[in-house]
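Report on the following structure.
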Amino acid sequence: MRLYNTLTRQEESFAPLDGRTVRMYACGLTVYARGHIGNFRTFVSVDILRRTLKYFQGYDVVHVMNFTDVDDRTILESQKAGLPLREYTDQWIAAFREDAASLGLEPTEENPRATDESNLVAMCDMIAALEAKGHTYRSDGSVYFKISTLAEYGKLARLDHEGIKPGARIDTDKYEKEDARDFVLWKATKPEEPTWDFGVGPGRPGWHIECSAMARRLLGDTIDIHCGGVDLIFPHHENEIAQSEGATGKPFSRFWFHVEHLMMDDGEKMSKSLGNVFTVRDLLGHGFRASALRFMLISVHYRKQLRYSRASIEQADEALTRLMDFLARLDRVSGGTTSDDVLVRVKDAVDDFGRMLAADVNVPGAVGVMFDLVRALNAAIDAGQVGAPEVPAIREAFAHFDQVLGVMSMRRAEEAAPPVPVAEIEQAIDDRREARRRRDFAEADRIRKDLEARGILLEDSPTGTRWKRGT
Ligand code: AMP
Ligand code: ZN
């Protein structure tokens, strides 16, 4: 398989270091708010990479995705909310899990939280190793990484060393390339901030050390693939390389996989700080189906920007409907005509689909192969050239495509689920019973008609009210 590697700025042939198991790390959500669909463009793209490695390349995958539950923003927002940090971030982790499940993300093998003690200890051990090797200095109670001690600093972001100001340092987690500075590893804390002491003095971690330490603890010194959005190349990933390679003396990640941004219609990046965000929940609340959202998020190659619009989700929904209509049509194929041509066509499409994925995860190319097959098979069915004996092989091919795409199974589940959440139906039944009790029959009728319009029928019986799906 070929993968683009940001480190070398070229596509390279990929195989895991140990032959069978791919060890990959993806920077997860900073849990100070609900993730937006820009974040989920990155997470869905990483999910597609993971599924490609598993189901088309046949590797085992150990995939770590962390939660950044301590950094400048989480501390600030928890203080604003008046909640302890861990309690504040718990709610956003729960929200992430809900959205990730809606979008069909496969669970990752590990989901470490930065503030778990084992991770904080690993961070302090790494800082101690960096101190022992002369890569750090202390100032005002904080520990800094001295970038001039590492000749290769800047290799990922291709920094111009002329622009680096020796000796200047920076305490914030995010900063621009022009501000390449000595960065903070362990921060002195103010009295009201969370503080830990695991061997390098009281304080709290800088953002960058968290990922280096969690990746090393769970995956070892050298990992196969490190993933994130393009905004993480600098400073986050550059600093991760400095910390990990400074501490171990070994290459940190062999491949760097970066996903381009989801943009708004007006060309702005979707970002919480710009305030132009939609969450998965917002869009489901607007009546979009999660399957359409997932399909939209993978509709453009991961290394190209994707523009968000309602029309783009609607188009994805229509394309998915065409696909499902075709699959439903297979149910109606009868007769016993056997045509080798059809099976050869299906096998070629499966091979081409795999080739597209093996070419730097070319999902749009793979989806194109799949729709060409749909068109060809629709024409063959029209011409009476597909018989019932071929149908299982055709189904199997589409099931294989869906192991990576993950949209057809989602659409089936959506269609099987009631159009109104069960809790909402039950609440409406209770409200209606209450309205009848107070003899407000107009209100009771309104509730029944409202549910009916949304595809749920109520049936009254002496033992109570039952609901069923309308037709
Ligand atoms: P954060 O919570 O800011 O650490 O971001 C979580 C992940 O989402 C990171 O991999 C970011 O690079 C990624 N990300 C943030 N904004 C976008 C966007 N508009 N499009 C795609 N990925 C994004
Ligand atoms: Zn990270």
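Heads up: numbering here begins at 1 and tracks the sequence. Ligands are counted one by one from 1 in listed order, and the atoms in each one are counted from 1 as well. Excluded from the calculations below are hydrogen atoms, water molecules and symmetry mates; all remaining heavy atoms, backbone and side chain alike, are included. Because the structure is predicted, anything quoted here is derived from the model rather than measured.
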Note to self: Please check if the number of heavy atoms outside Glu192 that lie under 6.0 Å from its CD is greater than 12.
What the structure shows: yes
Notebook entry, point to check: Are more than 12 heavy atoms from other residues, nucleotides or ligands located less than 6.0 Å from atom CZ of Arg9?
Noted result: yes
Margin query: My understanding is that only one of Leu297, Leu103, Asn39 makes a side-chain contact (heavy atoms from CB on, under 4.5 Å) with Val280; could you say which?
Written below: Leu103
How does [X] reach ligand 1, by side chain, by backbone, by both or by neither, if only non-hydrogen atoms under 4.0 Å count?
X: Met65; answer: neither
X: Lys272; answer: neither
X: His237; answer: neither

Using a 4.0 Å cutoff against the non-hydrogen atoms of [X], which atoms of ligand 1 qualify?
X: Lys174; result: 3 (O)
X: Leu29; result: 2 (O)
X: Gly228; result: 10 (O)
X: Gly38; result: 17 (C), 18 (C), 19 (N), 20 (N), 21 (C), 22 (N), 23 (C)
X: Asp231; result: 11 (C), 12 (O)
X: Thr42; result: 10 (O), 13 (C), 21 (C), 22 (N), 23 (C)
X: Arg73; result: 3 (O)
X: Lys269; result: 16 (N), 19 (N)

Next item on the list: Test Glu240 against His236 for side-chain hydrogen bond (donor to acceptor under 3.5 Å, both in side chains), laying out the working first.
Entry: CA-CA 6 Å; Glu240 282 191 41; His236 187 50; 2.8 Å; yes
Check: Salt bridge between Glu424 and Arg454, side-chain N to carboxylate O under 4.0 Å?
Finding: yes
Margin query: Is a donor from one side chain sitting under 3.5 angstrom from an acceptor on the other, for Thr74 and Thr89?
Written below: no
Notebook entry, point to check: Do any of the N/O/S atoms of Cys211, backbone or side chain, fall under 2.8 Å from the Zn ion (ligand 2)?
Noted result: yes
Next item on the list: Assess Cys27: does it contribute an N, O or S atom lying under 2.8 Å from the Zn ion (ligand 2)?
Entry: yes
Notebook entry, point to check: Which option, Met264, His261, Gln305, owns the non-hydrogen atom nearest atom 18 (C) of ligand 1?
Noted result: His261
Note to self: For a salt bridge (charged side-chain N to carboxylate O under 4.0 Å, His left out) check, start with the C-alpha distance between Asp282 and Arg34, then their side-chain angles and the critical distance, and finish with the verdict.
What the structure shows: CA-CA 11 Å; Asp282 290 337; Arg34 199 172 190 109; over 6 Å; no
Item checked: Contact check: Asn39 vs ligand 1, nitrogen or oxygen atoms, below 3.5 angstrom -> yes
Check: What do you reckon, does Val230 have a nitrogen or oxygen under 3.5 Å from a nitrogen or oxygen of ligand 1?
Finding: no
Note to self: Taking the six-membered ring of Tyr4 as reference, does the cationic atom of Arg303 (NZ for Lys, CZ for Arg) lie under 6.0 Å from its centre and within 45° of its axis?
What the structure shows: yes
Next item on the list: Measure from NZ or CZ of Arg113 to the centre of the six-membered ring of Phe67, then state whether that distance is under 6.0 Å and the direction lies within 45° of the axis.
Entry: no
Report all side-chain donor-acceptor pairs from residues 361-376 shorter than 3.5 Å, counting only partners two or more places apart or in another chain.
unit_1, atom_1, unit_2, atom_2, d
Asn362, OD1, Gly365, N, 2.8
Asp372, OD1, Arg375, NH2, 2.8

Notebook entry, point to check: Can you find a non-hydrogen atom of Thr68 under 4.0 Å from ligand 1?
Noted result: no
Check: Closer than 4.0 angstrom: is that true for some heavy atom of His258 and an atom of ligand 1?
Finding: no
